[in-house]
Amino acid sequence: MASVPTFSKVGYTAWQNHKNCNENVRLCNLRSLKIGIFQKRVKSEIRKLVIRAVATKPELDFSDPDWKRKIQEDFERRYNLPHIRDVIHVEPRPTTFSLKARIPIGDGNGSLINRWNGYVHDDDRALLKVIKFASPNSAGAECVDPDCSFIEQWVHRAGPRKMIYYEPSRVKAAIVTCGGLCPGLNDVIRQIVFTLEKYGVKNIAGIPFGYRGFTEKGLSEIPLSRHVVQNINLEGGSFLGVSRGAASTTDIVDSIQGRGIDMLFVLGGDGTHAGANAIHEECRKRKLKVSVVGVPKTIDNDILLMDKTFGFDTAVEAAQKAINSAYIEAQSAFHGIGLVKLMGRTSGFIAMHASLSSGQIDVCLIPEVPFNLDGESGVLAHLEQLIEKKGFAMICVAEGAGQELLEKSNSTDASGNVVLSDIGVHLQQQIKRHFKEKGLYADVKYIDPTYMVRAVRANASDAILCTVLGQNAVHGAFAGFSGITTGTCNTHYVYLPITEVIMSTRHVDPNSRMWHRCLTSTGQPDFL
């Protein structure tokens, strides 16, 4: 009998890290890392969290002819969307969201047909993984069995349904934005309000300053309408305000009940989504007819399963200005070294994409790839060579990179995230020290554009993404789903259970084609 170890997720193993939790453990950030279960191993140098594997299945029996079907059935079970009818009896009604064919639809023989209506069927699915890898050694391969068999994994398609589970005129909807700022927050808020009104909802409230707004004295709801939010997308930030940390789930749901909220739209990252899922579960426990729907927001692009989160494209674009400024400074100085620190606590997507798009970076350092500063193969020796060859050098570093080289802070922020030591300042100091010891001159130009990147208005790409995500969030709530989030998988808009999204954090794969492309662009060696 051929078998290999496996875990609770096909192709992934999830770990949860709870640090500095208050009485509501579920509202803490869930930080975890993913690995493939075939020919993958956890590298301690790039894993920043204390992790514990939880095996729920002892083995996969590949001699069983039905092994693939069983995996697919398990996937379908886990990705089945929670619905309000799971806990209460509720009858659907025809939607009030009108969609009509803009041009006559024919059957090919000149006759008009009346089949098109533009609505999404509940059984519509999108394929989560689309590449069939021929070998476990292929770039980016995540194989379940030694033959790297292709296993179909279908997720629910997002969009308006023909039947809905709420009476729009009686609905009170609320929107809350949590965590840090991110380009596109106002765009999502705006589209949620527009779409709610399209359904016929009159009572829409904004909850100020994150989850804090549910319980903090002196913070009142902000009435929202098309007139109020019409132009908020022209500015960065959040019209509703943001904050980290929160009250207990019980207090928040008490507030939801007291306010008579039927739909709650939560904009935030994985920690915020963990809180949204806790609220969803408490509402189910109380058998409340409340739909809790998330919209994934993170500048770091580190939400599992998503092609891309809103704000990421804008962040990469904004980072170009900082990189270009550092480049001009470095090129104009004698032995100039431009150093730019970008966001990315545990994932280096911004630094990698910014380095690729700028074409000006010589060294890109990210959390997922360990490196040495000193020694013949270290970063500092490479900088010497760059100065000798072309007279200047450019470095882009993610904020979470090289933390093992720094003294740990042992403190956390209000969301439970470990406060990182400043790798940018450390690099600046070490570069100056190294060149001074070598008797060489170096002029280091250090730029940290963190808050400038976070606070800008969404660019065109993100604005479109935010528009569709905001609309789909409302469609999902009216369809009766709860405990879900909306995003893009393989370019298609889908709904996913929050439980699956928060189980793991998305990371740059050091063996991926994209990271190899970045190395080709920068020309940097392995700094080990």
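When only modelled atom types and interatomic distance are considered, Y493 and R157 share no side-chain donor-acceptor pair under 3.5 Å. Side-chain atoms of T314 and N459 form a donor-acceptor pair, as typed in the model, at a separation below 3.5 Å. Between the side chains of Y165 and S291, not a single donor N or O lies within less than 3.5 Å of an accepting N or O. In this model, a donor atom of one side chain and an acceptor atom of the other lie less than 3.5 Å apart for S357 and Q320. Side-chain atoms of R454 and T450 form no donor-acceptor pair, as typed in the model, at a separation below 3.5 Å. Donor-acceptor pairing under 3.5 Å is lacking for the side chains of H83 and S482.
Annotation: H156 is not in aromatic contact with Y79 [ring centroid separation under 6.0 Å not met]. Taking the centre of each ring, F349 and H507 stay at or above the 6.0 Å mark.
In this structure, CG in D187 is found 5.0 Å from SG in C466, a value given to the nearest 0.5 Å. Of the inter-residue distances, the one linking I261 atom CD1 with I256 atom CD1 reads 5.5 Å to the nearest 0.5 angstrom. Atom OG in S504 sits 10.5 Å away from atom CD1 in I303 (nearest 0.5 Å).
Within 6.0 Å of CD1 on I88 lie more than 12 heavy atoms contributed by other residues, nucleotides or ligands. Heavy atoms from other residues, nucleotides or ligands lying under 6.0 Å from CE of M163 number more than 12.
The pair D422-K341 meets the salt-bridge criterion, since a charged nitrogen lies less than 4.0 angstrom from a carboxylate oxygen. Under the 4.0 Å criterion applied to side-chain N and carboxylate O atoms, E221 and K172 are assigned as salt-bridge partners.
Between the side chain of Q153 and the main chain of L128, no donor-acceptor pair closer than 3.5 Å is present. With hydrogens and angles ignored, the 3.5 Å screen pairs a side-chain donor or acceptor of K297 with a backbone N or O of G180. Formation of a donor-acceptor pair under 3.5 Å by the T488 side chain with backbone atoms of T491 is not found in this model. For R190 (side chain) and Q230 (main-chain N/O), a donor-acceptor pair under 3.5 Å exists by modelled atom type. The backbone N or O of A173 lies less than 3.5 Å from no partner atom in the side chain of D262, so there is not a single donor-acceptor pair.
Side-chain contact between N277 and V501 is absent, with no heavy atoms from C-beta onward closer than 4.5 Å.
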**Report entry** Worked verdict on K162 versus F97 for side-chain contact (heavy atoms from CB on, under 4.5 Å)
**Finding:** CA-CA 8 Å; K162 205 168 186 179; F97 188 80; over 6 Å; no

**Report entry** Steps toward side-chain contact (heavy atoms from CB on, under 4.5 Å) verdict (M514, L356)
**Finding:** CA-CA 9 Å; M514 190 58 75; L356 271 168; 3.5 Å; yes

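Note on residues 280-318: pairs passing ring pair (Phe, Tyr, Trp, His ring centres under 6.0 Å), not counting sequence neighbours, are F312-H353.
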